[in-house]
Amino acid sequence: MTDERIGGAGAARIAAFAAAEAAVYAAARPRSRAALEAGAGAFLDGVPMHWMRDWPQPFPMLVARAEGAVIEDLDGHVIDDFCLGDTGSMFGHSPAPVARAIHAQADRGLTTMLPSEAALEAGRRLCEVFGPMRWQIATTATDANRFALRLARAVTGRPKVLVFNGCYHGTVDDTMVRLEGGRTVARPGLVGQVEDLTQVATVAEFNDLASVEVALAAGDVAAILTEPVLTNSCMVLPAPGFHAGLRDLATRHGALLIIDETHTISSGRGGYSRVHGLMPDIFVTGKCVAGGMPTAIWGVTEPVARRFAAYDATRPAGHSGMGTTLSANPMQVACLVATLSEVMTAENYARMEAGAARLSAGLTKAIARVGAPWHVVRVGARVEFICAPGPLLNGTQAEAAHAPALEAAIHQGLLNRGCLIAPFHNMMLISPATTEAQIDRLVEAFGAVLGLLFET
Ligand SMILES: Cc1ncc(COP(=O)(O)O)c(C=O)c1O
């Protein structure tokens with residue numbers, strides 16, 4: 001990171017700030033620390049899911065309860081939550097209609113591996129909210145992407161998926177690739193990777209239709225799998241015409257277009273695709289689609305459904321490689337119906353959008369006040385500050401824009417001032433439960449942290 005990007009504050013100042021903030025955090029959490037010391041030994045890596053170690057704090061915050069847009073930790077700190085489970089709780093923690101659905105379903109059976117009338121209602125609601133597709137319910141967006149890819153390979157008879165540099169689509173093996181010197185290579189940190197991923201994947205740059213065309217020209221790409229906006233590094237918006245070009249290239253080269261809206265569901269009712277008129281062959285989303293109950297959905301257009309039916313009729317009986325036992329269970333279905341009908345409403349999205357616009361304006365002003373060459377990006381209810389000039393064009397630029405030490409220090413500073421933001425990027429989500437007062441507190445905390453980092 002150059003001094004320029006941090007206004008001359010310098011690495012030493014960031015490190016000193018981070019150390020002081022980490023000490024404040026630790027001193028304020030004796031109960032959490034003691035509980036972790038007593039219980040962490042039962043887990044590989046000290047936590048029940050290893051990502052929970054990846055927050056910038058010296059040790060994880062133990063959550064006592066979460067409600068609406070607030071989290072309370074074991075030490076009694078009440079924190080404004082803008083991470084919202086990294087989108088899983090984008091509509092707030094335990095939205096009332098979802099909580100009611102859970103209570104109502106609790107004594108009517110949790111999992112049966114059979115459909116129900118409520119499942120049929122979920123299908124109707126999915127068509128209403130996302131469009132007339134043919135749907136399947138999965139448990140995670142990772143799974144939904146895996147199944148979508150299988151289907152795409154089956155109907156096209158082609159081996160490869162085209163993804164964009166810097167993408168993330170869950171822990172789908174085939175997408176764990178990146179560009180290095182213009183070549184597709186496996187990501188270096190993968191655990192236990194034995195297959196050669198370059199045989200099943202190819203990488204292009206986002207917003208670069210020429211690189212997509214080169215990759216498609218070989219005729220071995222079954223599907224382009226992309227988010228409408230690259231969200232998993234520093235956020236990259238699509239350039240005008242990019243999505244129309246992608247749609248056209250996919251059609252001309254016989255590849256399916258899979259749009260993964262697991263994060264861009266922040267855009268509005270029906271996701272970015274519906275708001276901006278994209279035309280995917282396969283649509284995927286997850287995380288918050290059932291209000292935080294582990295659920296994902298994927299749908300295919302009618303022509304793709306017909307192609308799959310023709311393929312399915314010819315394949316030998318036996319394992320399909322798609323589906324998991326607990327998927328589409330009655331509890332997921334109850335939460336899905338409640339979310340689609342009472343939570344993912346136009347009114348809620350309008351409220352989220354207005355809050356996010358307020359946050360975006362506040363952060364932009366705070367950045368301008370200290371003269372940092374940074375920018376703020378927003379996709380509906382999702383706001384991100386990026387510690388570099390913008391707009392960013394592609395995954396390579398997004399990776400270069402990251403400033404891990406600086407970002408970690410800011411995250412820690414914000415948490416000490418009562419605001420939690422997402423750990424892997426600088427994402428802040430506005431839920432229908434988020435108040436203007438919470439947004440203003442975050443803007444104030446951000447300004448205070450920047451003041452300490454930048455002002456002499
Ligand atoms: C765009 C995108 N797709 C898919 C996933 C996978 O979601 P999950 O971890 O719930 O399987 C993620 C997770 O962050 C994501 O960002």
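Numbering of ligands and ligand atoms starts at 1, following listing order.
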Which pairs of donor and acceptor atoms, one on a side chain in residues 152-161, lie under 3.5 Å apart (sequence neighbours left out)?
from: R153; atom 1: NE; to: P159; atom 2: O; distance (Å): 2.7
from: R153; atom 1: NH1; to: D174; atom 2: OD2; distance (Å): 2.7
from: R153; atom 1: NH2; to: P159; atom 2: O; distance (Å): 3.1
from: R153; atom 1: NH2; to: D174; atom 2: OD2; distance (Å): 2.8
from: R153; atom 1: NH2; to: V200; atom 2: O; distance (Å): 3.1
from: T156; atom 1: OG1; to: A152; atom 2: O; distance (Å): 2.7
from: T156; atom 1: OG1; to: R158; atom 2: N; distance (Å): 3.3
from: R158; atom 1: NE; to: G219; atom 2: O; distance (Å): 3.3
from: R158; atom 1: NH1; to: V221; atom 2: O; distance (Å): 3.0
from: R158; atom 1: NH1; to: H253; atom 2: O; distance (Å): 2.7
from: R158; atom 1: NH1; to: G254; atom 2: O; distance (Å): 3.4
from: R158; atom 1: NH2; to: H253; atom 2: O; distance (Å): 3.0

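- Although no hydrogens or angles enter the test, the distance criterion places no donor-acceptor pair under 3.5 Å between the side chain of Q412 and the main chain of A408.
- H50 pairs by the ring pair (Phe, Tyr, Trp, His ring centres under 6.0 Å) definition with nothing, not counting sequence neighbours.
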Show me the short polar-atom pairs for ligand 1: any N or O of it lying under 3.5 Å from a protein N or O, with distances only.
from: ligand 1; atom 1: 3 (N); to: D260; atom 2: OD1; distance (Å): 3.4
from: ligand 1; atom 1: 3 (N); to: D260; atom 2: OD2; distance (Å): 2.6
from: ligand 1; atom 1: 3 (N); to: T262; atom 2: OG1; distance (Å): 3.4
from: ligand 1; atom 1: 11 (O); to: A141; atom 2: N; distance (Å): 3.4
from: ligand 1; atom 1: 11 (O); to: T142; atom 2: N; distance (Å): 2.8
from: ligand 1; atom 1: 11 (O); to: T142; atom 2: OG1; distance (Å): 2.6
from: ligand 1; atom 1: 14 (O); to: K287; atom 2: NZ; distance (Å): 2.7
from: ligand 1; atom 1: 16 (O); to: N232; atom 2: OD1; distance (Å): 3.4
from: ligand 1; atom 1: 16 (O); to: N232; atom 2: ND2; distance (Å): 3.0
from: ligand 1; atom 1: 16 (O); to: H263; atom 2: NE2; distance (Å): 3.4

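- In the model, T285 has no side-chain atom that pairs as donor or acceptor with a side-chain atom of T262 under 3.5 Å.
- With respect to N416, the side-chain hydrogen bond (donor to acceptor under 3.5 Å, both in side chains) criterion is satisfied by exactly one of Q57, E21, H411: E21.
- Listed by first and then second residue, the ring pair (Phe, Tyr, Trp, His ring centres under 6.0 Å) pairs that reach into residues 199-232 are F164-F206, F206-F242, sequence neighbours excluded.
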